[in-house]
Each structure stands twice: as C-alpha cells, then as structure tokens.
Amino acid sequence: MIELRVEGMTCGHCVSAVTRAVKAVDPEANVQVDLGTGKVRVDGRSSADALGKAIAEAGYPASPAG
C-alpha cells in the first residue's frame with residue numbers, strides 16, 4: 001500500500017478529482033482519501049512516483065507520507 005500526503009484537498013470535489021487521477025493510472029486500485037489528514041492511501045500496482053505525478057497534474061501537490 002502506498003500512502004501520499006496531498007495538499008489542497010478541502011471538499012468532496014477534491015476527493016473525486018484525486019480518485020479519478022489515481023484511477024487513470026491504475027484503474028483497479030483501491031483508493032482511500034482522508035480529507036482530515038490530507039492523506040491518500042492506494043492499494044494497487046502503480047508506483048508512488050506515478051501516482052504522485054498524476055495527482056499533481058490534477059492540481060494537488062503530492063509527496064510520500066513518511
């Protein structure tokens with residue numbers, strides 16, 4: 001499972017946009033978005049780099065949650 005910290009998420013639209021970005025890279029991924037913590041957990045086959053890039057391209061800077 002990959003966990004990313006995503007900046008700028010504040011509402012349901014943000015959750016949908018981030019989820020769509022992840023699914024565009026890995027359609028079979030299980031995506032969990034937590035607005036409270038600003039974290040996205042992805043259980044799938046893509047790398048953290050690919051997922052982070054897709055999320056950032058959707059307008060939400062993402063980095064590995066450490």
Engineer: Please find the pair of heavy atoms, one from T37 and one from R5, that lie closest to each other, and give the distance.
Structural biologist: O-NH1, 3.3 Å
Engineer: Please table the atom pairs, donor to acceptor, closer than 3.5 Å between any side-chain atom in residues 9-21 and protein atoms at least two apart or in another chain.
Structural biologist:
from	atom 1	to	atom 2	distance (Å)
S16	OG	G12	O	3.3
T19	OG1	V15	O	2.8

Engineer: I'd like a table of donor-acceptor pairs (distance under 3.5 Å, sequence neighbours excluded) in which one partner is a side-chain atom from residues 47-59, with atom names and distances.
Structural biologist:
from	atom 1	to	atom 2	distance (Å)
S47	OG	A50	N	3.1

Engineer: Only distances under 3.5 Å count here; give the side-chain donor-acceptor pairs of residues 38-46 to other protein atoms, sequence neighbours excluded, each with its distance to 0.1 Å.
Structural biologist:
from	atom 1	to	atom 2	distance (Å)
R41	NE	E3	OE2	2.7
R41	NH2	E3	OE2	3.1

